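Order of the sequence lines sets the chain letters (A, B, ...), proteins ahead of strands, with each chain counted from 1. Just the heavy atoms: all of them, side chains too, but no hydrogens, waters or symmetry mates, feed the values below. Every value quoted in this text rests on a predicted model; they were computed, and no experiment measured them.
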Amino acid sequence: MYRTHTCGELRLSHIGQQVTLAGWVQRVRRMGGMIFVDLRDRFGITQLVFNQETNADLCAQANELGREFVIQVQAEVAERSNKNKHIPTGEIELLVSTMRVLNTSETPPFTIEDNTDGGDDLRMKYRYLDLRRNTVRENMILRHKVAFETRRYLDQMGFLEVETPILIASTPEGARDFVVPSRMNQGQFYALPQSPQLFKQLLMVSGFDKYFQIAKCFRDEDLRADRQPEFTQIDCEMSFVKQEDVLNLFEGMMKHLFRFVKNIDMTDAFPRMTWADAMKYYGSDKPDIRFDMQFVEIKELVSGKNFVVFDEADYVGAICASNCATYTRKQLDELTDFVKRPQIGAKGLVYIRCEADGTFKSSVDKFYTNDDLAKIATACKAEKGDLILILAGATEKTQKALCELRLEMGSRLGLRDKNVFAPLWVIDFPLFQWDEETQRFYAMHHPFTCPNEDDIALLDTNPGKVRATAYDMVINGVELGGGSIRIHESALQKKMFELLGFTPEQAEAQFGFLMSAFKYGAPPHGGLAFGLDRLVSLFAGLDSIRDCIAFPKNNSGRDVMIDAPSVIDNAQLDELGLRIELKKS
RNA sequence: GACUCUAUGGUGUAGUGGCUAACAUACUGGACUGUCGAUCCAGAGAUCGCGGGUUCAAAUCCCGCUAGAGUCGCCA
């Protein structure tokens with residue numbers, strides 16, 4: 001045994017005991033005749049004391065210690081004369097009798113402290129050192145708690161955790177697959193799963209009734225702060241359920257997690273919003289409802305006044321920012337620049353200031369009378385002192401831009417508090433979305449999503465209007481999870497494939513095993529999946545999911561610590577029957 | 001595929017055409033017996049990401065490249 005206690009557990013009650021501790025040297029404070037050493041492990045920090053008068057040799061030995069040395073000490077627990085109220089072990093210290101250096105350390109490239117001096121790049125390269133820091137470790141502990149409480153809740157609810165394979169076959173729909181060459185089947189490739197979707201449906205056919213898995217998923221697409229090439233889903237599926245059953249059970253799971261991980265009681269039912277309303281009022285299928293500022297469509301009100309921009313626009317939408325009438329020209333210009341950035345793509349921004357004296361000042365005074373502006377203000381429920389911001393253009397694009405503007409205003413006004421959590425379900429997603437480029441429908445969720453039974457007739461007449469039994473859970477504008485009730489009848493599934501432009505042969509080749517399985521008594525079933533990384537980063541108040549992943553990849557999908565991906569040698573390529581031909585860039 | 005931003009001692013920053021490139025921290029040596037972000041003194045440490053150009057003069061301006069961060073496209 002290297003130790004009898006951890007560095008976080010000794011208290012006044014241990015005084016007089018002989019203990020052995022092991023850990024890392026956090027800091028050495030040399031006082032001349034005395035040396036204080038902070039000894040650190042995952043559990044905390046304990047102060048060691050060396051005194052020249054008591055043991056000069058040992059004190060000389062302690063004088064040689066450097067940052068991050070790994071040492072073991074035998075010592076007596078003593079009460080401190082000067083107590084440190086800032087740390088849990090601050091009332092005691094260890095009078096060291098023997099010390100052994102288990103390992104020395106080079107000076108770390110950045111300081112292992114809460115406020116490290118290291119930049120992001122360097123911390124990623126030395127991630128194993130970064131993980132020694134409290135802040136990073138706490139994120140990992142939080143992640144552990146979320147995973148643990150997820151298992152506890154789902155186990156209580158009768159779910160079985162089942163592992164599904166990582167080496168599977170490529171499918172054409174959805175994201176780009178990561179592929180793995182097969183040595184034993186030359187010229188053929190496995191794909192890594194984008195999710196365990198098909199397997200969890202097969203488990204329902206197998207009668208498992210309630211399945212879950214905390215599963216690694218892989219998508220070969222460009223990355224973002226909230227997107228990694230490999231990520232973790234809490235993947236769930238249930239038999240003999242309708243949408244309502246799924247929503248209730250997983251709303252329960254989220255409340256359980258808030259209760260036991262964040263110590264927050266969410267008693268109210270999560271609001272539900274149709275996809276159509278989410279788009280209409282927030283311009284997004286993942287609205288941040290921590291604050292209001294809903295869209296108001298004012299096309300009718302502003303047309304026919306010779307303002308050509310509004311007259312020619314398909315859509316004119318407004319939001320009302322409370323108490324912002326005092327915005328200066330500079331601030332309004334900033335907002336205009338914000339919406340005109342190529343990523344947002346609005347042509348311009350129209351504002352109406354609702355002045356304190358009841359008059360209006362706008363950038364389109366030339367075209368609108370005070371009465372006209374008053375009508376707009378009424379429609380927007382604007383009061384004296386408010387600022388109305390208006391965007392116009394093609395419907396979808398403008399809604400999207402207005403959504404960004406709304407979020408920007410929410411941030412500026414401090415309405416997006418990380419400690420406030422506003423969950424909701426977005427329901428009634430469309431089953432299909434039309435793709436102009438390829439001139440065909442794509443499944444908005446995936447091809448196994450069951451249409452809303454009220455809309456089945458529309459499948460033949462107007463597929464674009466068919467609603468799906470699909471749902472997303474959204475918290476604070478983050479899509480945390482989503483799912484659907486699945487098709488469990490071969491006939492309907494066949495029809496879906498037809499509508500998606502699959503020939504029967506293609507459908508058979510890609511999903512034949514699922515179609516076959518459905519011939520042997522598939523139960524009605526449905527489920528969903530949550531993004532564990534996003535959930536943890538939301539709980540931790542992080543801006544990037546990287547900070548809650550032990551060993552994440554960078555923007556371009558590289559692991560800068562182990563330097564992956566990397567080239568492989570020719571012998572390996574030969575074995576696989578592969579030859580490299582680099583694309584000329 | 002596109003856009004924006006960034007790159008200066010080990011580390012984090014300052015330096016917007018003209019000095020010996022500044023500061024903090026970490027590091028090394030010294031002083032110090034109650035520190036706990038110890039303090040004090042001294043020291044070492046940078047061809048300013050790479051390549052080219054403009055200029056009497058470039059860390060600074062221009063072009064290209066590389067790397068990183070964020071975003072759009074993409075992500076059923």
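Taking atom C1' on both A44(B) and G49(B), the two are 24 Å apart, rounded to the nearest angstrom.
Residue ring and nucleobase are stacked for Phe36(A) and U35(B), with a centre distance beneath 5.5 angstrom and an angle between planes beneath 30°.
The side chain of Arg219(A) lies closest to C75(B), out of G68(B), C36(B), C75(B). Nearest to the side-chain atoms of Met31(A) among the listed nucleotides G34(B), C3(B), G73(B) stands G34(B). Comparing C74(B), A38(B), C36(B) by their nearest atom to the side chain of Arg27(A) picks out A38(B).
Between Phe511(A) and Phe497(A), the ring centre distance stays below 6.0 Å.
Using Watson-Crick or G-U wobble geometry with both donor-acceptor distances under 3.5 Å, G43(B) finds its partner in C27(B). Under the Watson-Crick and G-U wobble criteria, each requiring two contacts below 3.5 Å, nucleotide A7(B) is paired to U66(B). The partner of C36(B) cannot be assigned: no Watson-Crick or G-U wobble pair with both contacts below 3.5 Å exists in any strand. Across every strand in view, C72(B) sits in a pair with G1(B) that passes the Watson-Crick or G-U test at under 3.5 angstrom.
Residue contacts shown for Arg341(A) are absent, as no nucleic acid heavy atom lies under 4.0 Å away. Residue-level contact check: Arg546(A) touches the backbone only, with heavy atoms under 4.0 Å from sugar-phosphate atoms and none from bases. At a threshold of 4.0 angstrom between heavy atoms, the contacts of Thr107(A) are confined to the sugar-phosphate backbone, with no base atom among them.
Contact of the Cys7(A) side chain with the Phe43(A) side chain is not registered, since no non-hydrogen atoms from C-beta on lie closer than 4.5 Å.
For the contact set between residues 224-234 of chain A and RNA chain B, defined by any heavy atom under 4.0 Å, the members are Arg224(A), Ala225(A), Arg227(A).
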Report, one line per pair, each donor and acceptor closer than 3.5 Å where one atom sits in a side chain of residues 91-99 of chain A; sequence neighbours left out.
from, atom 1, to, atom 2, distance (Å)
Glu93(A), OE1, Gln47(A), NE2, 3.1
Ser97(A), OG, Gln74(A), O, 2.9
Thr98(A), OG1, Gln74(A), OE1, 2.8

